[in-house]
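Taking it in order: structure first as C-alpha cells, then the write-up.
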Amino acid sequence: MAKETLKERLAKKRESLKKSGPGKFLTVKEGTTRIRVLPVGEEKDWAIESVYFYLGVKDNMGVISPATFSEKCAIMKAHRELSESSNKSDREMATKFKPGRRFLIPVIKYKDEKGKEIDTEVGVKLLLVSAGIYQDMLDVYLDDDAGDFTDPKKGYDLKIKRTGKGKNDTEYTLLRANPTPLDKAYRKEVDLEKMVKEIIPSYKDTKDIIEQYFNLPPKDDEEDLDEKKDKKKKKKKDI
C-alpha cells in the first residue's frame with residue numbers, strides 16, 4: 001500500500017477534528033439564552049457529568065474527553081505524563097490544559113428571550129454548562145414550588161443570563177419562565193447517554209487534537225502500534 005502524503009494525512013486530521021468541534025454542543029454566550037430541557041425518561045437524570053478539556057485551539061476550543069466513559073484519551077494521557085514529569089516546564093504546561101468538570105444537558109434553544117420561536121436550525125442539542133449553573137438548575141428542579149422543568153406538559157423554560165467575557169469577570173444568573181407545554185415535535189424522550197457518546201471523539205481524534213495543540217507531526221504511539229499488531233494477527237488467522 002502506498003504511503004499517505006502529508007496532504008492526505010492533514011485532510012484526515014481536519015475531518016477528525018470536525019467530529020469533536022464546538023458545533024457538537026451548545027455553550028452559554030454573553031447575554032440571555034433561553035432553553036427547554038427535554039424529557040429523558042422517568043427517574044432518569046437529565047444531565048451527564050463529563051470530563052472536559054479547554055485547549056484554546058482554533059475551531060476546537062473545548063473537547064469532551066472519552067474519559068467521561070472511562071475510555072482511553074490521548075489528551076488525558078499527555079496531561080498525566082506532563083504532570084508527573086521531573087521537568088518543571090512540563091509540569092507548568094500540564095496546568096494549561098487540566099481536565100475539568102462540565103455537565104451535558106439535552107435542550108432546545110430559542111431564538112428570542114420570550115420563547116416565541118424555537119431555533120429549529122440548532123434542533124435538539126446538548127448544552128454544556130459549568131458545575132455552578134448545574135447546581136442552580138438542581139436548586140430549581142428540587143424546589144417543590146417550581147416543579148419539574150422537563151415535564152412536556154407542565155414544565156417550563158429556563159433562561160441563563162451571562163454577563164462578562166473573561167475568566168474572572170463572568171457571572172451567570174438562572175431564571176425560570178412560566179409553565180408552558182413543550183412543542184409536540186420535541187415531547188419524545190431522548191436517550192441522553194447515546195447523545196453524549198455520539199459527540200465524544202475517538203482515541204485517534206484526541207491524539208490528532210493534542211498533536212495540533214503542541215504543533216507536533218503525526219506519529220504512532222503505543223495504542224496505535226497495539227492496534228496495528230492486532231490487525232496483523234487477525235490477518236494471519238484469516239489466511
Side-chain angles (χ1 to χ4, degrees), residues 20-40 44-71 73 75-76 78-80 83 94-110 113 115 119 122-143 146 148-150 155-177 190 192-201 206 209-210 213:
S20 54
K24 293 295 181 182
F25 52 79
L26 298 172
T27 55
V28 180
K29 307 296 183 183
E30 191 175 10
T32 300
T33 301
R34 183 167 180 145
I35 52 105
R36 179 69 171 251
V37 180
L38 299 176
V40 295
K44 290 185 179 180
D45 197 339
W46 38 265
I48 283 183
E49 182 175 346
S50 69
V51 179
Y52 176 80
F53 284 98
Y54 179 82
L55 298 173
V57 178
K58 185 179 179 182
D59 297 330
N60 195 52
M61 300 180 80
V63 180
I64 306 300
S65 169
T68 297
F69 292 103
S70 301
E71 296 175 359
C73 173
I75 306 172
M76 183 69 79
H79 177 267
R80 183 176 61 251
S83 298
T95 65
K96 296 180 180 179
F97 65 105
K98 295 186 294 184
R101 183 172 63 150
R102 295 291 187 276
F103 293 84
L104 288 160
I105 302 167
V107 304
I108 53 170
K109 175 179 170 291
Y110 295 90
E113 292 184 26
D119 193 335
V122 172
V124 176
K125 211 81 166 182
L126 290 168
L127 176 69
L128 184 81
V129 299
S130 66
I133 298 176
Y134 176 63
Q135 180 65 57
D136 290 342
M137 293 176 72
L138 281 177
D139 290 342
V140 172
Y141 184 84
L142 296 173
D143 184 342
D148 178 4
F149 50 66
T150 70
Y156 48 91
D157 300 336
L158 296 172
K159 293 186 284 185
I160 307 172
K161 185 177 181 181
R162 171 180 170 173
T163 57
K165 295 181 180 179
K167 184 178 180 181
N168 298 318
D169 68 340
T170 299
E171 293 183 357
Y172 297 93
T173 304
L174 182 71
L175 304 170
R176 60 186 178 92
V190 299
L192 177 55
E193 184 172 320
K194 181 181 178 182
M195 286 181 68
V196 174
K197 287 183 174 180
E198 285 177 346
I199 69 164
I200 288 182
T206 60
I209 292 166
I210 199 64
Y213 182 71

request  = Could you go through the side chain to side chain donor-acceptor pair (under 3.5 Å) check for Tyr110 and Asp157 one step at a time?
outcome  = CA-CA 10 Å; Tyr110 295 90; Asp157 300 336; 3.1 Å; yes
ask   = Could you go step by step and tell me if Phe69 and Lys197 meet the side chain to side chain contact (heavy atoms under 4.5 Å, CB included) rule?
value = CA-CA 8 Å; Phe69 292 103; Lys197 287 183 174 180; 3.6 Å; yes
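In terms of heavy atoms, Pro66 sits closest to Pro201 at CG-O, 3.2 Å. Contact detail for Ala131 and Arg101: the closest heavy-atom pair is CB-NH2, 3.7 Å. Heavy atoms only, all atoms of each residue included: Arg36 and Gly155 are closest at NH2-C, 3.2 Å. Nearest heavy-atom pair, Leu55 versus Tyr213, reported as atom, atom and distance to 0.1 Å: O-CE1, 3.1 Å. Smallest separation of non-hydrogen atoms from Met195 and Pro106: SD-CB, 4.1 Å. For the residue pair Val51 and Thr68, the shortest heavy atom distance occurs at N-OG1, 3.0 Å.
By the 4.5 Å heavy-atom criterion applied to side chains, Val28 and Leu127 are counted as neighbours. Side chains of Ile64 and Leu128 form a contact here, defined as non-hydrogen atoms less than 4.5 Å apart.
Atom-to-atom distance recorded for Arg162:CZ and Thr33:OG1 is 9.0 Å, nearest 0.5 angstrom. The line from NZ of Lys159 to CZ of Arg176 is 11.5 Å long, rounded to the nearest 0.5 Å. Remark: Cys73 SG to His79 NE2 distance equals 11.0 Å, nearest 0.5 Å. The distance from the CG atom of Leu104 to the CD1 atom of Ile199 is 5.0 Å, given to the nearest 0.5 Å. For the atom pair CD1 (Ile108) and CG (Leu38), the distance works out to 5.5 Å, reported to the nearest 0.5 Å. A distance of 5.0 Å separates CD1 of Ile35 from CD1 of Ile160, quoted to the nearest 0.5 Å.
A donor-acceptor pair under 3.5 Å is absent between the side-chain atoms of Thr150 and the main chain of Val37, judged by distance alone.
When ring centroids are compared, Trp46 and Phe103 stay outside the 6.0 Å threshold.
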